[in-house]
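Below is one structure, written out as structure tokens; the observations come after it.
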Amino acid sequence: MAVLGIDLGYGFTKGVVTGSEEKFLCQSLIGSSLERVLSGGLFGTNHPDDIQVDIERGGTSDSYFIGELARRESTDVTYTMDENKIDHPLTQVLLCAASAVLWPGKDAGPVHLVTGLPMSHYKTQKAKLEENLRKLDAKVRIPGKNTGWVPVKFDRVTVFMQGYGAAYAAVLDENGKPRDKEVLQSGGLVVVIESGHKTTDVVTFETKPKFRPVDHLSFSLNLGGDNLAQTMLRVFQEKAGAQCPASVQDQWTYEGQLWYDGKEVNAKRELDQARERLGQTIMDRIRARFGDNAGRVSTVFLAGRNAPLVEQPCKSTWNNVRVVDNPQFANAEGYRIVGEMLERKATARSQDKIRIA
Ligand SMILES: Nc1ncnc2c1ncn2[C@@H]1O[C@H](COP(=O)(O)OP(=O)(O)OP(=O)(O)O)[C@@H](O)[C@H]1O
Ligand SMILES: [Mg+2]
């Protein structure tokens, strides 16, 4: 069975699927759609990141703008995921969009969805989220991305702890085989740090006597790129004497430079300092949680789009620090890899049964 790995991050939704190089990446923002008469009619073409999603589920049909298009064109307040909303009907819009772009529906065969929940909500929300995703039965159309209505329905659903996806993608290759046997048999601790928008997840494995996760050294910090964005918004207020307009907040946060009120506002120095401070704070908090165990760490893998923020402070603390390939997609990739391992096991079990029968 094919596996869809979908990472519903607070900042971006990421998705990958078995047997395809295609990747889904979209800001986790949703707004209601308007008739795009102006942008469609006047300029003829739409921006490649523009995604409109039409959904039919439970007898109702709705239309949304997601990602960049929601930020630019939705007039109502956009919905963003926060603490308890992974299981929200609007979060399902992002999931349905990722699924419809990556998987053409049941004509292509059955599909296994693997996704994640933040560590802090995992125990309380896993069972309910799995149940709701199993029940999901929608039809989705994405004008401009695919031709007709795509059925979105999952034959199997698995929900992992966020961060564990990245951890497995760091140590296992795309076929589920160890990438580097030496790392897995070093005898020391292997640490995977995944730094995203609101959270930084840390997952630690011991390698002897057996390769397995260490619960008390696996945790989530409420620190990530959002802290940098908040700092930069305060800096804009100080420098420009006004609030930074929502439509250019990302440009300001990541470039530290903006044309506003007839002149250039520049905070490149403040941006560098804020990035450095945030990286150091994240690293200090991780180091404090490790205590005496810090000396046992043999290898560190960095994942998440904010991996570069932690790289330098991490290298000052530990040797052998590596940024994984395609760090923003590490969770989604890991979900796919582990999902495919589960599928191979299930196939082997059913073949055994056939042989016995
Ligand atoms: N243009 C950009 N340049 C640099 N960094 C960016 C840019 N756009 C976004 N980012 C950073 O990437 C972060 C999102 O990364 P990522 O997709 O790994 O997080 P997430 O999985 O959505 O968040 P979380 O894991 O907390 O749920 C943003 O919070 C921001 O800090
Ligand atoms: Mg993430």
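Order of listing sets the numbers, starting from 1, for every ligand and every atom in it.
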Item to check | Contact (N/O only, under 3.5 Å) between Gly11 and ligand 1 | outcome: yes

Next on the checklist: Any non-hydrogen side-chain atom of Thr158 less than 4.5 Å from a side-chain atom of Val338?
Outcome noted: no

What atoms of ligand 1 come closer than 4.0 angstrom to any heavy atom of [X]?
X: Gln328; value: 15 (O), 16 (P), 17 (O), 18 (O)
X: Lys198; value: 26 (O)
X: Gly9; value: 20 (P), 21 (O), 22 (O), 27 (O)
X: Gly225; value: 29 (O), 31 (O)
X: Gly304; value: 18 (O)
X: Thr199; value: 24 (P), 25 (O), 26 (O)

[atom]: which protein heavy atom is closest, and how many Å away?
atom: atom 13 (C) of ligand 1; result: Asn306 ND2, 3.7 Å
atom: atom 14 (C) of ligand 1; result: Phe12 CD1, 3.7 Å
atom: atom 20 (P) of ligand 1; result: Lys14 NZ, 3.4 Å
atom: atom 2 (C) of ligand 1; result: Arg305 NH2, 3.1 Å
atom: atom 27 (O) of ligand 1; result: Tyr10 N, 2.7 Å
atom: atom 23 (O) of ligand 1; result: His197 N, 2.8 Å
atom: atom 30 (C) of ligand 1; result: Tyr254 OH, 3.0 Å

Next on the checklist: Over 60° means perpendicular and under 30° means parallel, so tell me whether Trp318 and Phe290 are parallel, tilted or perpendicular.
Outcome noted: perpendicular

Checklist entry - Is the backbone of Ile55 close enough, under 3.5 Å, to the side chain of Ser61 for a donor and an acceptor to pair up by distance? => result no

Checklist entry - Going by atom types only, do Asp250 and Gln27 share a side-chain donor-acceptor pair under 3.5 Å? => result yes

Checklist entry - Could you walk me through whether Val192 and Phe205 pass the side-chain contact (heavy atoms from CB on, under 4.5 Å) check? => result CA-CA 8 Å; Val192 183; Phe205 297 95; 4.3 Å; yes

Next on the checklist: Out of the candidates Arg305, Arg336, Lys14, only one should pair with Asp7 under the salt bridge (charged side-chain N to carboxylate O under 4.0 Å, His left out) rule; please name it.
Outcome noted: Lys14

Checklist outcome for this item: Only residue of Thr204, Val321, Asn320 satisfying side-chain contact (heavy atoms from CB on, under 4.5 Å) with Val300 is Val321

Item to check | Rounded distance [0.5 Å steps], CG in Leu172 versus CD in Glu340 | outcome: 11.5 Å

Next on the checklist: Applying a strict under-4.5 Å side-chain criterion to I, L, V, M, F, W and Y, I'd like to know whether Leu342 and Trp103 cluster together.
Outcome noted: no

Next on the checklist: Counting neighbours of CD on Gln237 that are heavy atoms of other residues, nucleotides or ligands and sit closer than 6.0 Å, is the number greater than 12?
Outcome noted: yes

Checklist entry - Should the proximity of Leu228 to ligand 1, defined as any heavy atom under 4.0 Å, be assigned to the side chain, the backbone, both, or neither? => result neither

